[in-house]
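Contents: one structure, followed by commentary.
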Amino acid sequence: MPLPLHPLPGVFGAEATVDLTAPGNRGLSADLLQALHDHRLLVIPGQHLNHADLLAAAAHFGPVDTHVDRRYAVGGFPGLTTISNITEDGTHVGVYDGDNEEEWHADNSFKPELTRATLLYSVITPAQGGETRFADATRAYADLPAELKERIAHLRAVHSIQQLAQLQSRASGGQSSTAAGSLATHPEVEHPLVLAHPVTGAGSLLLGSMVVKYIVGMDPDESRALLADLLAHTTSSPYVYTHRWRPGDLVVWDNLATLHTASPCDSSRHRRLLYRASVR
Ligand code: OGA
Ligand code: MN
């Protein structure tokens with residue numbers, strides 16, 4: 001039976017109706033991967049996944065990346081990371097970026113090898129706030145005027161975890177886990193500004209509101225202005241889907257075709273817990 005898919009409202013994304021732990025569904029890898037490449041974002045609600053199940057779900061999409069921040073790695077399940085605003089004995093139990101500012105990004109763009117897809121599985125959801133917003137960087141690129149496409153075709157941008165850590169720390173009053181993390185020792189890396197997707201061939205804008213430092217070889221003011229314009233276009237409402245989490249939601253995104261950001265959540269009032277896996 002083909003995977004039942006319903007497009008989300010907007011320009012990208014689809015909801016898949018499937019129980020990923022049902023024994024008959026182990027052979028769905030090709031369908032799931034095809035659906036991800038077709039829609040760039042998959043919402044798979046109503047799952048009951050333990051840690052092993054989440055790793056098995058990730059494996060449908062590719063080899064799981066086990067190089068995760070050790071402080072928030074889930075013990076015994078290499079590749080799983082805790083994303084949470086919950087503290088125990090004054091320590092954050094998961095990756096936490098503060099309650100304040102949006103930070104549009106593609107995961108791990110500060111690393112030389114780009115992450116192909118990420119899965120987030122929701123366990124505890126806040127009654128208010130804490131949505132994740134996704135932008136269709138592929139459709140946003142496709143809609144650019146031809147002259148602008150030509151102007152940016154061969155540009156490269158520098159991505160810096162140090163800059164991300166600094167800006168996130170400033171935005172969150174020192175609360176960000178990136179700032180405190182060991183990842184802040186990564187050297188800067190360069191990526192194309194326009195990615196050609198390795199499977200679909202579609203062009204996509206690889207941007208980041210905090211992690212992208214400048215465009216190589218461009219006047220700094222011009223670089224800043226161009227990056228700001230492209231980000232504003234890509235994250236403007238026609239290209240954005242806002243996901244309001246329910247417990248049991250599994251969301252998968254094509255990290256080479258989309259951007260995303262957490263949304264503010266008042267951690268003094270609401271708890272939030274998700275688990276993440278990325279694939280290479
Ligand atoms: C992530 C991420 C957003 C969120 O885990 O990579 O960006 O809303 N999460 O928690
Ligand atoms: Mn992310």
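Bear in mind that the values here come from a model prediction, so they are computed numbers and not experimental data. Atoms within each ligand, like the ligands themselves, are counted from 1 in listed order.
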**Prompt:** Does Tyr214 reach the main-chain N or O of Asp219 with its side chain, forming a donor-acceptor pair under 3.5 Å?
**Reply:** no

**Asked** Does Asp254 pair with Arg116 as a salt bridge, N-O distance under 4.0 Å?
**Response** no

**Message:** For the metal site, I want the angle between atom NE2 of His105 and atom NE2 of His260 with the Mn ion (ligand 2) at the apex, to 10°.
**Reply:** 90°

**Message:** Would you say Met218 ends up clustered with Val194 if hydrophobic residues are merged whenever their side chains have heavy atoms under 4.5 Å apart, either directly or through other cluster members?
**Reply:** yes

**Asked** Given the side-chain rings of Trp104 and His260, with only the six-membered ring counted for Trp, is the space between their centroids under 6.0 Å?
**Response** no

**Asked** With no hydrogens and no angle check, is any side-chain donor or acceptor of Gln47 less than 3.5 Å from a backbone partner on Pro45?
**Response** yes

**Item:** Pairing of Lys111 and Glu188 as salt bridge, 4.0 angstrom limit
**Value:** no

**Prompt:** Considering the options Val11, Thr258, Val43, which one meets the side chain to side chain contact (heavy atoms under 4.5 Å, CB included) requirement together with Tyr241?
**Reply:** Val43

**Name, closest N/O/S atom of Asp107 to the Mn ion (ligand 2)** = OD1

**Request:** Tell me the residues surrounding ligand 1, counting only those with a heavy atom closer than 4.0 angstrom, sorted by chain and number.
**Result:** Ile83, His105, Asp107, Leu120, Thr132, His260, Ala262, Arg272, Arg276

